[in-house]
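As the structure lists them, so they are numbered: ligands from 1, and atoms in each ligand from 1.
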Amino acid sequence: MPDLEKRIEELRAELHRHNRLYYIDASPEISDFEFDQLMNELIELEKEHPEYDDPNSPTKRVGGDLTEDFETKPHRFPMLSLGNTYSKEELNAFLDRVEKGLGKAVDYVAELKFDGVAISLTYVEGKLKQALTRGDGTQGDDVTTNIKTIRSIPLVLSGREVPDLFEIRGEVVLPKADFEALNRIRENEGLPLYANPRNTAAGSLKLQDSTQVAKRNLDCFLYSISSDSVPFDSHWEGLTKARTWGFKVSDTAKLCLTRDEIFNFIEHWEKNRKDLPFEIDGIVLKVNKIQAQEELGFTAKAPRWAISYKYKAEQVQTELESVSYQVGRTGAVTPVANLKPVLLAGTTVKRASLHNADQMALHDLHFGDFVYLEKGGEIIPKVVGVNLKKRKEGSSPIEFIKNCPECDSELIRKEGEAAHYCPNEYECPPQIKGKVEHFISRKAMDIEGMGPETIDLFFQNQLVKNSADLFDLTKEDILPLDRLGEKSAENILKGIEASKQIPFPRVLYGLGIRYVGETVAKKLAKAFKTMDALSLAGKEELEAVPEIGERIADSILQFFHLESNKKVIERLKVHGLNFEISEKEAPLLSNSLEGKSIVISGVFNLDRKELKSLVEKHGGKNVGSISSKTSFILAGENMGPSKLEKAKKLNIPLVKEEEFLNMIEEE
Ligand code: IVH
C-alpha cells in the first residue's frame, strides 16, 4: 500500500477512535486543537486524492454534501409505534397482559422515552450504509448524508461480534441548551422562533446543506437492534453489546425485576427530567428476553412486549397581571396574558397566549386571577384554566377590546371566524410593516441585506411607510440609524436596486393583495400581461381568468380602488419595477406539455433548473413526487431505485432527456 494511502487510513482510524473517546466515552485523550489538526490534515489529503474517497471518512462529519431530494426507501423491518399508557392502572394492565401471555413474571428494561426523531441506521460489515427516517413506518426518507454529521453516531464500528448486516434504531435529539442557543440567535436576527427541540431536530435532518446540519449539535441515543439473527438473547445484552460497538446507549436504562422497580423508575424520572440535558416525554418499558418478546409478538401497529408511559405536561400556577392585545400582519388581534414570572419546564414564563375572544370567554378570566399554564407544541405557553378558589372577591371580568390597540379602528369579526380583525389594512402600523416585510421577502422582491428588524428601524424613523418608500432611500437616510454602518447601507441599497429586475408576477405577488398568493399572481400576470391592464380590469374580466373567483376578484378591485394604493403603484412604476410580463415568460413557447404533470428525477446534461423552466414554458407542470396523476417521468441517469419502483408500480412512462427535448421541439 502506498505511504499516502496508509497515512490516510491511519488518520481515519485515529479520528474515529478520538471521536468515540470524546462523544461516547466522554474521556478524550487529545485536545480539541490536536483533533482539528488531524482532521485538517485528512481533509487536505482527501481533497488532493479523491481516488481514496471513503463514504464513511470522519471528514463527512463536517458536512458539505447537498441533498436535493430526500429519496424514499423501504425499511427492511417495519418501524412500529408503541402503545401509550397514562396511568399506573393502565401500566399495571399491560404488565398483567404480558404475564398472562407468558404464564409467568418476567424481567423488563425501563428506558427514557426520548422526545426526538426516530431514525433507523443500517450497518453493513461494520460500516454505516444508510439512515432512514420513520416515514410511514414501512418506508422513510434517506437522510444518510445529514446523519453522518452527528458526532455520536459511529460511522465505523469496533468491538467483537458485530453482525454483518443489521439495523439499529434510536432517536435523534437536539439538547435543550442547543435549542435555546439556536433560538436566541434567531431572536437577534428577527427570525421566527422554533417551537420545540423535537420539531427543530426533525427540521434539521431535512436541511439540504449538510454543513448546516453539522452545526446543529444533534445527538443520538440508540435503543433497539433488528437483524435476522441477533448475537444476544436479551434486550439488555443487546444494549450492552451496542455500547461496545461504539453506539451511544443511554446509561439511564434500567433492568427491572419487580413492579416496584418499574414504578420507582417512572417516579424518579418524572421528578428529575427537568435536569436532563434533553427532553423526554415519558418512559418506555420493554420485556427483556428476546424469546419472551417473540412469544408475545405484535399487533398490526405495535409490539405486545413494549409500552410507553407518558408524563403529563408540566403545569404551573401564576397570577394574571393584565391582558394585552397584539395586532398581526393580517390585522388579526391576539389576546396575550401578562403574568407574574414563573418557571415552567426550564424557562421563565411572563406571557401566555389566550388565542381569541372565545377562549377568553371560556375561562371567564377576571383581573387578578390565578391561572394554570402548560407548554404545548408552541413556544408560547398557553393558559389552560383558572384556579377559582383563588379568585378575588369583587374582581371584574376581563372583556375583549372593541378598538384596535394600534390605530383605534373599530375591530370586526367575520362570520364563522374566531379572530377579531382590525380593518384598517393600509394605515394600521403593524399591518403596514407586515406589508413591507412581505414585499421584500424571498418569494416576492427578494431584497437582500435587510429583514424585519431593518423594516422596523425604517418605520420607527419614519423613512418607510410603504413599499415605494424603499426606493427613495438614500445612504444619508440610512447611515444615522442605529446598528447600520457604511457596508450595511450599501448592501441595502444594492439589494433594492437589484430588485428592479424581479419579474412582474413576483412584483404583483409582493404587493400583498389579500388572497393573491404566488400562483394567483402568476395567473393574473399571464392573463393581463401588464399592471395597467390588471388595475383597469372589471369584475367580469377578472373572474374570467381560470381559478379566479368572486372573493379574489373583489379583493383585487378593492385594492386598486384605494387612492393610497394607486399612489404607491404609480411610484413603483416610476422607479422602474417590472410592470409587465417579459418576453421570456409569456406567451408560452408551446402547448406541447399542456395538462401534463411531470416529475424530474436523476442526472441530466442540461441543468435541472433549465429543464424545470422548459416544462413550464411548454405548458407543463413540475411536481415533486410520483403519484397516479403523474403523466411521465423525465428520467436522467442514476434515477433512485425507489422512484423507479414506484413508477413501475403505477405504470408511469419514463422519458429520456433526448426524447423530452424532441417532444417540445416538434411543436
Ligand atoms: S422502542 C418497537 N425506545 O417513541 C418499539 N422508542 O411512540 C420501537 N422512542 O417511534 C420503539 N424513546 O421514536 C423505543 N427508548 C425508546 C424510545 C422510543 C423514544 C420513540 C420512538 C418510537 C416512539 C413510539
Heavy-atom distances under 4.0 Å decide this one: backbone, side chain, both or neither, for [X] against ligand 1?
X	answer
V284	side chain
F114	both
N84	neither

#### Entry: Backbone or side-chain N or O of K113 under 3.5 Å from ligand 1 N or O
yes
### Query
Looking only at N/O atoms, are E111 and ligand 1 under 3.5 Å apart anywhere?
yes
### Task
Look at ligand 1 and say whether K286 reaches it with a heavy atom at a distance under 4.0 Å.
yes
### Query
Judged by non-hydrogen atoms, does I280 sit under 4.0 Å from ligand 1?
no
### Message
Before we go on, tell me: are the rings of W305 and Y108 under 6.0 Å apart, centre to centre?
### Response
no
### Query
Numbering the atoms of ligand 1 from 1, which are under 4.0 Å from a heavy atom of P303?
2 (C)
Would you tabulate the side-chain donor-acceptor contacts of residues 634-649 under 3.5 Å, counting partners in other chains and residues two or more places apart, or write 'none'?
unit_1	atom_1	unit_2	atom_2	d
S642	OG	T72	O	2.3
K646	NZ	I626	O	3.2

### Query
Considering residues at least two apart in sequence or located in another chain, which fulfil the ring pair (Phe, Tyr, Trp, His ring centres under 6.0 Å) criterion with W236?
none
### R61 backbone acceptor or donor facing R151 side chain under 3.5 Å
yes
#### Entry: Basic-acidic side-chain contact under 4.0 Å: E46, R12
yes
